[in-house]
Structure formats: C-alpha cells, structure tokens
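Chain letters run A, B, ... following the sequence lines, proteins first and then strands; every chain starts at 1. Keep in mind that this is a model prediction, so the values were computed, not measured.
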Amino acid sequence: MTGQEMAFLALGAIAAAGGVAVVTARNVVHGALFLVAVLAAIGALFLLLGAEFVGWVQILIYVGAIVVLLLFGLMLTKAPLGRGALDNQQRGIAAIVATGTFAMLTWLVWHAFGDERITFVRAVRTADIGNALFTSYVLPFEAVSVLLLAALVGAILLAKKD
Amino acid sequence: MSLAWVLTLGALLFSLGIYGVLARRNAVLVLMGIELMLNAVNVNLIAFDAWIRQGNATGQIFALFIITVAAAEVGVGLAIVLLVFRRRETINVDEVNLLKW
C-alpha cells in the first residue's frame with residue numbers, strides 16, 4: 001500500500017464519518033461543524049489527487065464562506081434540539097432509498113472502473129487552469145458569473161425587510 | 001491508487017446527502033444535505049480528471065463551476081429560508097405546505 005493510498009483511506013474515513021454525523025446530528029450547530037470536517041477532508045483529497053487550485057478553492061469557498069453562511073442561517077432562525085425536532089417521519093424510507101442508491105452506484109463503479117488505476121504524474125498548475133478557463137471555457141465562465149450576480153441580487157432582494 | 005475507491009467515496013457522500021435531504025425537516029439541514037451531494041459530484045469530477053490527466057483539466061474546470069453554482073444556490077436558499085421564517089415562524093419543510101394538496 002502506497003503513501004497516497006494510506007492518505008486517501010484516512011481522508012475518506014474522516015469524510016465518511018463526518019458525513020454520517022452531519023445527517024444524524026441532534027444539534028444543528030454540531031451538524032454544521034461536522035460539515036466543516038467533511039469539506040476540509042474533501043479539499044485535502046483534491047490536493048492529494050493533484051487538483052491544487054480546486055483544493056484551495058474548496059477550503060476557501062466552502063469552509064470559509066458557505067459554512068459561515070449556513071451558521072448565520074441557523075442563528076437567525078430558531079433551531080430546536082433533538083432528533084424528533086430535526087427529522088421527519090420518513091427516516092426509514094429515506095434510509096432505504098439512500099442504501100439502495102449507494103449499493104447501485106457502488107456496484108456500477110466497480111463494474112465499470114474496477115481495475116482502472118490513478119497514476120500520479122504531475123499536479124495541474126493554476127496557470128493551466130487559468131489558461132483553460134479563459135480560452136476554451138470562457139463562455140461558460142461568463143455565464144456562471146452572470147448566474148452568480150443574479151443569485152446575489154436575488155438573495156438581497158428576497159432577504160431585505162420591506 | 002484505484003479509481004473505484006475514490007468513486008465509492010463519492011457514492012457514499014451522495015447517498016448520505018440523499019438521506020439528509022429526505023429525512024431532515026429543518027430547511028437549513030436540507031441545504032447541508034444538498035451541499036454533501038454537490039461535493040460528492042466534485043469528488044467524482046476530480047477523480048476522473050486525475051485518471052485521464054490530459055490537456056486542459058476539464059474535470060477541474062467543471063468542479064469550479066459546480067462550486068460557484070453551489071455558492072449561488074446556498075445564498076438564494078438561505079434568503080428564502082429567512083423569508084419563510086419571518087413570515088411563518090418556522091422553517092420545518094413539512095409545515096410549509098401551502099402549495100401541497
């Protein structure tokens with residue numbers, strides 16, 4: 001077992017345990033903090049897979065911005081404690097659906113990519129990402145920036161007191 | 001490293017996100033489940049990008065787009081949650097059922 005595999009197993013264990021904790025937490029703030037662990041582990045996994053820029057963007061945007069936004073949302077709304085207050089009646093059906101999805105996806109990926117291996121040649125430099133973003137993908141880039149602007153204006157408009 | 005390991009982690013996170021969306025009644029926790037699902041997709045994109053590793057890093061570009069869309073989604077989602085809380089004094093998604101018959 002190589003170093004990368006051991007690092008992946010450690011990060012994957014953190015992400016999986018944190019994910020289970022996010023969806024079963026009895027305290028909403030604890031759920032948000034477990035989400036930080038999951039997102040940070042996934043960011044480290046991106047670094048491990050040679051995606052430097054996306055890894056740091058993941059840490060910056062998700063851990064830095066989105067989780068803080070979620071915590072603000074939790075503080076501005078009344079968040080009760082306890083499982084009965086946070087879960088609805090569909091817990092059994094939801095568990096069945098989630099287990100079925102996991103089994104199907106796992107069977108599918110092992111069936112299709114079971115013997116494919118990731119070889120670590122080089123990390124993608126941020127300059128390569130920038131070049132690709134502003135040459136091949138400049139139209140989707142502009143579209144997504146307009147989408148972000150529209151979403152921000154819409155969010156301000158929705159949340160402001162009239 | 002085997003590609004299927006990383007894809008299995010993605011499948012696990014996606015299933016946990018589905019469970020979170022279906023089983024939670026607090027709207028902010030539903031949004032957290034959606035974040036888990038979007039992250040699972042990003043894990044898959046980065047894994048396939050590292051597997052192919054050629055040319056202009058298409059998988060990473062798409063992961064960046066998904067992160068942007070997730071930021072927009074959570075911004076608008078929380079604005080709607082705050083608005084619902086201001087009007088209804090609750091953000092439980094099973095009590096906000098005006099459009100349901």
Open item on the list: Working note: A/Val22 + B/Tyr19, criterion side-chain contact (heavy atoms from CB on, under 4.5 Å); need CA distance, chi angles, decisive distance, verdict.
Closed with: CA-CA 10 Å; A/Val22 168; B/Tyr19 175 79; over 6 Å; no
TODO: With side-chain contact (heavy atoms from CB on, under 4.5 Å) as the test, would you mind laying out the steps for B/Ile61 and A/Phe141 before giving the verdict?
DONE: CA-CA 9 Å; B/Ile61 306 277; A/Phe141 177 77; over 6 Å; no
Task: B/Ile18 vs A/Val97, side-chain contact (heavy atoms from CB on, under 4.5 Å): CA-CA, chis, key distance, verdict - done: CA-CA 8 Å; B/Ile18 286 182; A/Val97 170; 4.0 Å; yes
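Heavy atoms closer than 4.5 Å to chain B are found in both the backbone and the side chain of A/Ala51. Heavy atoms closer than 4.5 Å to chain A are found in the side chain of B/Phe85, but not in its backbone. Using a 4.5 Å cut-off between heavy atoms, A/Ala32 contacts chain B through both its backbone and its side chain. Contact annotation for A/Ser136: only side-chain heavy atoms (C-beta onward) come within less than 4.5 Å of a heavy atom of chain B. In this structure, chain B has no heavy atom under 4.5 Å from any part of A/Phe72. For B/Leu12, the parts lying near chain A are the backbone and the side chain together; criterion is any non-hydrogen pair under 4.5 Å. Within the 4.5 angstrom heavy-atom criterion, no atom of B/Ala27 approaches chain A. For B/Asn42, the parts sitting under 4.5 Å from any heavy atom of chain A are the backbone and the side chain alike. Heavy-atom distances place no part of B/Val84 under 4.5 Å from chain A, backbone and side chain included. In this structure, chain A has heavy atoms under 4.5 Å from both the backbone and the side chain of B/Leu16.
Under the 4.5 Å side-chain criterion, counting only non-hydrogen atoms from C-beta, A/Leu74 is in contact with B/Met32. No side-chain heavy atom of A/Ile93 sits less than 4.5 Å from a side-chain heavy atom of B/Leu22. A heavy-atom distance below 4.5 Å is found between the side chains of B/Leu36 and A/Leu35. Here the side chains of A/Arg117 and B/Leu3 are not in contact, with every heavy-atom distance at 4.5 Å or above. The shortest distance between side-chain heavy atoms of B/Thr8 and A/Phe102 falls below 4.5 Å. Inter-residue side-chain proximity for A/Tyr62 and B/Glu35 is flagged as met; some heavy-atom pair is nearer than 4.5 Å. Looking at heavy atoms from C-beta onward, A/Leu45 lies in side-chain contact with B/Val43 at the 4.5 angstrom threshold.
To the nearest 0.5 angstrom, A/Leu9 atom CG is 8.5 Å from B/Met1 atom CE. Atoms CG and CG, on A/Leu76 and B/Leu78 in that order, are 9.0 Å from each other to the nearest 0.5 Å. Of the inter-residue distances, the one linking A/Leu39 atom CG with B/Asn39 atom CG reads 5.0 Å to the nearest 0.5 angstrom.
The candidate with the highest count of non-hydrogen atom pairs below 4.5 Å against chain B, out of A/Ile129, A/Thr135, A/Ile61, is A/Ile129. When A/Thr101, A/Leu149, A/Leu152 are compared by the number of non-hydrogen pairs under 4.5 Å with chain B, A/Thr101 comes out ahead. Counting heavy-atom pairs closer than 4.5 Å to chain B, the top residue among A/Gln90, A/Glu5, A/Met104 is A/Glu5. The residue among A/Gly55, A/Gly31, A/Ala98 with the most heavy atom pairs within less than 4.5 Å of chain B is A/Ala98. Note: A/Ile118 leads A/Leu105, A/Thr106, A/Leu133, A/Ile118 in heavy-atom pairs under 4.5 Å with chain B. Contact count versus chain B (heavy atoms, under 4.5 Å) is highest, among A/Ala132, A/Gly100, A/Gly18, for A/Ala132.
A donor-acceptor pair shorter than 3.5 Å can be found between the side chains of B/Thr58 and A/Tyr137.
With hydrogens and angles ignored, the 3.5 Å screen pairs a side-chain donor or acceptor of B/Arg86 with a backbone N or O of A/Ala159. Listed for the B/Arg24 side chain is a donor-acceptor partner under 3.5 Å among the backbone atoms of A/Val23.
Scanning both residues, A/Val54 and B/Ala63, for their nearest heavy atoms gives CG1-CB, 4.0 Å.
B/Trp5 and A/Phe8 have parallel rings, their planes meeting at less than 30° on a 0 to 90° scale where 60° marks the start of perpendicular.
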